[in-house]
Amino acid sequence: MTSVSTETAGLLLSRIRDVPDYPKPGVMFKDITPLLADPEAFTALTDALAALCVRHGATKIVGLEARGFILAAPVSVRAGIGFIPVRKAGKLPGATLKQAYELEYGTAEIEVHAEDLSAGDRVMVIDDVLATGGTAEASLELIRRAGAEVAGVAVLMELSFLSGRERLQSALRGAPLDALITV
């Protein structure tokens with residue numbers, strides 16, 4: 001589902017650079033750094049994601065490491081709600097909740113501070129890209145294990161050919177998944 005005007009989607013897409021054969025041959029990497037460097041595009045992105053948070057009644061935002069942090073932090077300020085980082089395992093001090101998930105080449109773990117989410121929170125997950133959906137799926141499990149409710153997932157870009165949306169359908173349990181642009 002695209003949640004922005006054709007004009008905004010065009011602006012965002014025009015600021016994403018294709019980098020062939022990165023990080024390995026055959027991969028077309030989608031570099032968002034030109035978008036972040038353009039104040040008009042970055043503002044449009046922040047405004048669009050903040051509007052989704054408000055529309056879906058989010059009370060907190062989870063940003064997924066690492067580019068999700070860059071997007072989620074200004075969105076939380078714009079929307080006037082808290083920002084919670086979900087990090088790779090071993091990066092947060094203190095008590096954490098951990099969640100393992102499958103990668104194409106093995107497994108990984110993400111974690112969140114145990115006290116940052118609680119019952120009554122409606123949490124919007126924000127990331128730059130929805131690829132295979134593994135990290136997003138693990139974050140939904142973490143949010144629910146903390147006792148919070150999932151308000152939705154919002155990404156700048158969905159790589160539709162990797163079928164992450166299909167993987168997430170059952171984990172979303174009816175919560176919305178919004179991609180500002182789909183490639």
Side-chain angles (χ1 to χ4, degrees), residues 1 12-13 16-36 45 49 60-73 75-76 83-118 121 123-183:
M1 166 179 194
L12 299 176
L13 192 56
I16 296 170
R17 178 173 63 123
D18 286 343
V19 181
D21 299 321
Y22 183 82
K24 62 183 184 178
V27 173
M28 181 64 74
F29 184 77
K30 300 292 188 183
D31 181 12
I32 68 166
T33 58
L35 186 156
L36 300 174
L45 172 60
L49 292 172
K60 291 193 178 164
I61 295 172
V62 157
L64 303 182
E65 189 167 351
R67 290 181 300 256
F69 294 178
I70 297 167
L71 304 185
V75 169
S76 74
F83 166 71
I84 312 297
V86 168
R87 308 248 8 228
K88 294 175 183 169
K91 302 281 185 175
L92 291 172
T96 62
L97 294 173
K98 290 181 177 29
Q99 182 65 43
Y101 63 99
E102 297 290 324
L103 299 167
E104 322 151 6
Y105 50 85
T107 61
E109 275 187 322
I110 56 173
E111 63 185 6
V112 66
H113 275 131
E115 72 275 3
D116 287 347
L117 296 171
S118 59
D121 287 331
V123 183
M124 187 69 134
V125 176
I126 293 182
D127 205 3
D128 64 328
V129 173
L130 174 62
T132 62
T135 308
E137 183 179 42
S139 72
L140 299 176
E141 180 63 26
L142 272 179
I143 291 164
R144 290 185 178 112
R145 285 180 46 218
E149 181 182 342
V150 174
V153 175
V155 296
L156 163 60
M157 178 176 19
E158 178 180 351
L159 305 178
S160 60
F161 58 92
L162 293 175
S163 303
R165 182 175 292 271
E166 289 76 23
R167 177 178 181 168
L168 282 182
Q169 283 311 305
S170 65
L172 285 165
R173 299 184 196 164
L177 169 58
D178 292 285
L180 302 184
I181 54 178
T182 301
V183 295

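The first residue in the sequence is number 1, and the count goes up from there.
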### Audit row: Leu156, Ile16, side-chain contact (heavy atoms from CB on, under 4.5 Å) steps and yes/no
CA-CA 10 Å; Leu156 163 60; Ile16 296 170; 4.2 Å; yes

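- Considering every non-hydrogen atom in both Leu168 and Ala136, the closest pair reads CD1-CB, 3.9 Å.
- When all heavy atoms of Val27 and Pro23 are compared, the closest pair comes out as CG1-CD, 3.9 Å.
- Atom CD of Glu149 and atom CZ of Arg144 lie 8.5 Å apart (nearest 0.5 Å).
- Minimum heavy-atom separation, Leu64 to Ser139: CD2-CB, 3.6 Å.
- Note that CD of Glu115 is 9.5 Å distant from CG of Leu97, once rounded to the nearest 0.5 Å.
- Separating the OH atom in Tyr22 from the CE atom in Met28 is a distance of 14.5 Å, to the nearest 0.5 Å.
- Heavy-atom minimum distance, Ala100 versus Ala138: O-CB, 4.5 Å.
- The shortest side-chain heavy-atom distance between Ile84 and Leu117 falls under the 4.5 Å cut-off.
- Atoms OG1 and CD1, on Thr96 and Ile110 in that order, are 11.0 Å from each other to the nearest 0.5 Å.
- Ionic pairing of Glu111 and Lys98 is present here: one or more N-O contacts between side-chain nitrogen and carboxylate oxygen are shorter than 4.0 angstrom.
- Between Val112 and Pro85, the shortest heavy-atom distance links the atoms CG2-O, 3.9 Å.
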### Task
Go through Asp116 and Asp121 one step at a time and tell me if the side-chain contact (heavy atoms from CB on, under 4.5 Å) criterion holds.
CA-CA 10 Å; Asp116 287 347; Asp121 287 331; over 6 Å; no

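- Residue Val125 is tested with Thr135, Leu142, Leu140 for a side chain to side chain contact (heavy atoms under 4.5 Å, CB included); the sole match is Leu140.
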### Message
Assess the residue pair Val183 and Leu159 against the criterion (side-chain contact (heavy atoms from CB on, under 4.5 Å)); give the C-alpha distance rounded to whole Å, side-chain angles, the decisive distance to 0.1 Å, and a yes or no.
### Response
CA-CA 5 Å; Val183 295; Leu159 305 178; 3.2 Å; yes

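- Enclosure of atom CZ in Phe29 by more than 12 non-hydrogen atoms of other residues, nucleotides or ligands within 6.0 angstrom is indicated.
- Summarising the geometry, atom CG belonging to Leu172 is positioned 12.0 Å from atom CZ belonging to Arg167; distances are rounded to the nearest 0.5 Å.
- Summarising the geometry of Gly164 relative to Leu130, their closest heavy-atom pair is C-CD2, 4.1 Å, with the distance given to 0.1 Å.
- Checking side-chain atoms of Asp128 against main-chain N and O of Gly68 turns up no donor-acceptor pair under 3.5 Å.
- Remark: Leu12 CG to Ile181 CD1 distance equals 6.0 Å, nearest 0.5 Å.
- Within the 3.5 Å criterion, the main-chain N or O of Glu137 finds no donor-acceptor partner in the side chain of Glu141.
- Side-chain contact between His113 and Pro93: present, with at least one pair of heavy atoms (C-beta onward) separated by less than 4.5 Å.
- Applying side chain to side chain contact (heavy atoms under 4.5 Å, CB included) to Leu71 and the options Leu35, Asp127, Val155, Leu36 leaves one that passes, Leu36.
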### Task
Assess whether side-chain contact (heavy atoms from CB on, under 4.5 Å) is satisfied between Arg173 and Val150, documenting all intermediate values.
CA-CA 9 Å; Arg173 299 184 196 164; Val150 174; over 6 Å; no

